[in-house]
Amino acid sequence: MSFPLLTATAALPAIGAIATAAVPAARRTAAKWLALLVSLATLALAITVLVRFDPDGDRYQLTESHAWIADFGVRYELGVDGIGVALLALTALLIPFIILAGWHDADPLETGNKRWRPTQGFFALILAVEAMVIISFEATDVFLFYIFFEAMLIPMYFLIGGFGDRAHAGSDEKAAAQRSYAAVKFLLYNLVGGLIMLAAVIGLYVVAGNFSLQEIAEARANGTLDMATNTERWLFLGFFFAFAVKAPLWPLHTWLPNAMGEATAPVAVLITAVVDKVGTFAMLRFCLQLFPEASKWATPAILVLAVISIIYGALLAVGQRDIKRLVAYASISHFGFIIMGIFAMTSQGQSGATLYMVNHGISTAALMLVAGFLISRRGSRLIADYGGVQKVAPVLAGTFLIGGLATLSLPGLAPFVSEFLVLVGTFARYPVIGIIATFGIVLAALYTLVLYQRTMTGPVKPEVSAMPDLRARELLVVAPLVVLLIFLGVYPKPVTDIVNPAVKSTMSDVHKKDPKPEVEAAK
C-alpha cells in the first residue's frame with residue numbers, strides 16, 4: 001500500500017494542534033516553536049504533493065479510498081486535481097507566515113480585567129484550521145467535504161472571538177463585545193449556509209445513492225443518472241448558497257468586515273486568504289461538476305451578483321476610515337472577480353479565477369500583515385491617526401506600498417495576470433459584464449493610493465515619529481511574500497501549467513467551449 005500522502009498532509013497539522021494545546025502553560029515559547037515547526041513540516045509535505053502531481057496525468061491523483069459509513073454510502077475518499085493542489089500549496093505556504101506574524105499576538109495581556117490570553121490555544125487553533133482547510137481541498141466524497149467545511153467554523157469562531165486586535169487594548173469591555181458580535185455573526189451566517197447545504201447533500205444522496213463526487217459526475221456524464229431539471233436546480237442552489245456565504249458574495253458578505261476588523265491581522269489573513277478560498281474552490285469542484293445544467297441556468301444571475309460585489313466592495317473600500325475594514329471590502333471586490341471568472345464559462349476566465357485565488361491569497365497576506373505590524377506600533381486602526389510613516393519607517397512603508405500595488409493589480413505583480421485573464425474570459429462571452437467590472441480596477445487604484453497617501457506620506461505626526469521600522473522577524477514574514485508577488489507577476493507559468501488541465505476538465509463537465517473570436521486572426 002502506497003504512503004497516504006494526502007492524509008498525512010492534513011493529519012500532521014491536526015496532530016500538531018493537539019500537541020501544541022497540550023504544552024504546559026508556562027512553556028508558551030515552546031508552543032510557538034512547535035506550531036511553527038509543524039507548519040513547516042506540513043509545507044514540506046505539500047511541496048511533495050505538488051512535485052508528485054502530474055498536470056498531464058489523471059484528473060484526480062494521489063487518491064485514497066476507504067470504507068467509512070458503508071450503510072449510507074459514505075467513504076473516506078481523497079484526491080487532488082490541479083486546482084486543489086494549487087490551493088493546498090497556498091494554504092501550507094501561508095500558515096508559517098501567519099504563525100510568525102502572530103508570534104506575540106496571544107501573549108499574556110495585562111488589562112483592566114487582568115484577562116489572560118492562552119498562547120497555546122491560539123496557535124493550536126490556527127493549525128486546526130489548516131488541517132480542516134487542507135482536507136476540504138482533498139475530499140472527493142461530498143459528505144466528507146461537508147463535515148470539514150462546517151467543522152472549520154468552530155476554531156475560527158474562537159480565533160475571532162477570543163483573540164482581538166490589540167488596537168482595542170484600552171477598552172476591554174467594548175472590545176470584547178465587538179469581538180463577540182463579529183464572531184457570532186461569522187458563525188451564524190456560515191452555519192445557516194451550511195444547514196441549507198446539508199439539506200442539499202441529503203437530497204443528492206436520495207437522488208444518486210452515494211456521496212462519491214467522481215461516481216456521481218461519471219453517472220451524470222454517461223447518462224445513467226438523470227436528475228429532473230427542478231431537482232438539479234434546487235440542489236445546486238443549496239450548495240451554491242453555502243459557498244457564496246463562505247466566499248463571500250454580495251449580499252451574503254456582511255460578516256466579513258466585522259470578522260476581519262475585530263480579529264488580529266494574522267487571523268484576518270487566515271479568514272480571507274485561506275478559509276474563504278474553500279467557497280470559491282467548491283463552486284468549481286462541486287457546483288459545476290455535479291450540477292452542470294443548473295450552473296449554466298444560474299450563470300446570468302450569479303454574474304450580476306459578482307459584478308455588484310466588485311463595484312460595491314470597491315466603493316465601500318474607498319470610503320473606509322479603518323485600515324482593516326478597507327482591506328476586507330477590497331477582498332469582497334476581489335472575490336467578485338473570482339466568482340465572475342468561474343461563471344464566465346470560458347477557459348481564460350476559470351484559469352484566471354484559480355490563479356486569482358492563489359495571487360489574492362499572497363497579496364492580501366502581504367498587505368494585511370504589514371498593516372498589522374503598522375497597527376501594533378501605533379495602537380490604532382484609523383487611517384486618520386497616521387501620516388508621514390515613510391520618513392520614519394521606510395522599509396515598512398515600502399512593503400506596504402508593494403502590497404497595495406498588488407491589490408490594485410499593477411502590471412508586473414501577480415494579481416494583474418489573473419485579473420486580466422478573468423476580464424478577457426468574461427468579455428469573450430459577456431462583454432457588458434466585463435466592461436462594468438473594469439470600473440472595479442479604477443476604484444481599486446483610488447482606495448489603495450489614497451490609503452497609502454494618508455498613512456505614509458505628508459508631515460510626520462507626533463504619534464508616529466518614534467515608530468520603529470520592520471524587525472528581523474517581520475521582514476522574514478514579508479520578504480518572501482513580496483518575492484512571490486514579483487515572481488508570479490512576471491512568470492505565472494508554474495501555476496497555470498498545473499491548473500489549466502483541471503480547468504479544461506471543468507469546461508467539459510458543463511459542456512462549454514470557448515467562444516470563437518468574431519475577427520479571424522490574420523494568416
Side-chain angles (χ1 to χ4, degrees), residues 247-254 256-257 260-261 268 272-273 276 280 302-344 349 352-353 355-357 359-364 366-368 370-371 381-384 386 400-427 430-457 485 489:
L249 178 67
W250 183 92
L252 306 172
H253 67 285
T254 59
L256 183 65
M260 287 184 65
T272 191
D276 288 353
T280 47
I302 294 172
L303 288 176
V304 170
L305 295 178
V307 81
I308 291 174
S309 287
I310 293 169
I311 304 301
Y312 172 86
L315 282 173
L316 265 65
V318 171
Q320 286 303 305
R321 296 180 296 173
D322 182 311
I323 296 173
K324 292 170 71 176
R325 289 178 70 90
L326 185 152
V327 179
Y329 280 110
S331 289
I332 291 169
S333 181
H334 296 148
F335 274 103
F337 277 107
I338 293 170
I339 295 170
M340 185 177 75
I342 292 171
F343 285 90
L355 188 60
Y356 211 140
M357 291 186 225
N359 292 337
H360 173 263
I362 299 170
S363 62
T364 300
L367 180 61
M368 180 58 85
V370 176
R381 300 181 342 215
L382 297 179
I383 296 171
Y386 295 87
F400 190 82
L401 178 61
I402 294 174
L405 293 176
T407 298
L408 65 81
S409 298
L410 183 77
L413 297 176
F416 169 77
V417 181
S418 43
E419 197 165 279
F420 177 79
L421 285 173
V422 166
L423 287 170
V424 168
T426 303
F427 189 84
Y430 303 98
V432 175
I433 293 291
I435 290 169
I436 297 173
T438 305
F439 287 100
I441 301 175
V442 179
L443 294 171
L446 179 61
Y447 63 69
T448 300
L449 296 177
V450 168
L451 172 65
Y452 184 83
Q453 179 191 30
R454 292 178 178 175
T455 55
M456 301 295 162
T457 65
L485 287 174

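Along the sequence shown, residues are numbered consecutively beginning with 1. The figures that follow rest on heavy atoms only: side chains count, while hydrogens, waters and symmetry mates do not.
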So, for [X] and [Y], which heavy atoms are closest and what is the spacing to 0.1 Å?
X: G336; Y: A306; value: O-CB, 3.5 Å
X: A437; Y: F337; value: O-CZ, 3.5 Å
X: I402; Y: L485; value: CG2-CD1, 4.5 Å
X: P248; Y: I332; value: CG-CG1, 4.3 Å
X: G404; Y: L367; value: N-CD1, 3.8 Å
X: D276; Y: L256; value: OD2-CD1, 3.7 Å

Between [atom1] of [X] and [atom2] of [Y], what distance do you get to the nearest 0.5 Å?
X: I310; Y: L315; atom1: CD1; atom2: CG; value: 12.0 Å
X: L303; Y: I308; atom1: CG; atom2: CD1; value: 11.0 Å
X: L446; Y: I441; atom1: CG; atom2: CD1; value: 14.0 Å
X: I339; Y: F343; atom1: CD1; atom2: CZ; value: 8.0 Å
X: R325; Y: M260; atom1: CZ; atom2: CE; value: 10.5 Å
X: T448; Y: L443; atom1: OG1; atom2: CG; value: 10.5 Å

Spell out, as yes or no, whether a donor-acceptor pair under 3.5 Å connects the side chain of [X] to the backbone of [Y].
X: R381; Y: G261; result: yes
X: S363; Y: H360; result: yes
X: S309; Y: W250; result: yes
X: S333; Y: Y329; result: no

Apply ring pair (Phe, Tyr, Trp, His ring centres under 6.0 Å) to F335 and H253, showing your working. CA-CA 10 Å; F335 274 103; H253 67 285; over 10 Å; no
Side chains of L326 and I383 in contact at under 4.5 Å (non-hydrogen atoms):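 Yes, side chains in contact.
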Which side-chain N or O atoms in residues 411-425 pair as donor and acceptor under 3.5 Å with protein atoms at least two apart or in another chain?
| from | atom 1 | to | atom 2 | distance (Å) |
| --- | --- | --- | --- | --- |
| S418 | OG | N359 | ND2 | 3.3 |
| S418 | OG | P415 | O | 2.9 |
| E419 | OE1 | Y356 | OH | 2.6 |
| E419 | OE1 | S409 | OG | 3.0 |
| E419 | OE2 | S409 | OG | 3.4 |

What residues, two or more places apart in sequence or in another chain, satisfy side-chain contact (heavy atoms from CB on, under 4.5 Å) together with L401?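 L401 satisfies side-chain contact (heavy atoms from CB on, under 4.5 Å) with L405, Y452 once adjacent residues are dropped.
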Can you list everything that forms a side chain to side chain donor-acceptor pair (under 3.5 Å) with T272? Sequence neighbours excluded, please.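 Applying side chain to side chain donor-acceptor pair (under 3.5 Å) to T272 gives S331.
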Heavy-atom neighbours of F427 CZ exceed 12 at 6.0 Å: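 Atom CZ in F427 is not crowded, with 12 or fewer foreign heavy atoms closer than 6.0 Å.
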Under the side-chain contact (heavy atoms from CB on, under 4.5 Å) criterion, do I302 and I342 qualify, and how do the steps go? CA-CA 10 Å; I302 294 172; I342 292 171; over 6 Å; no
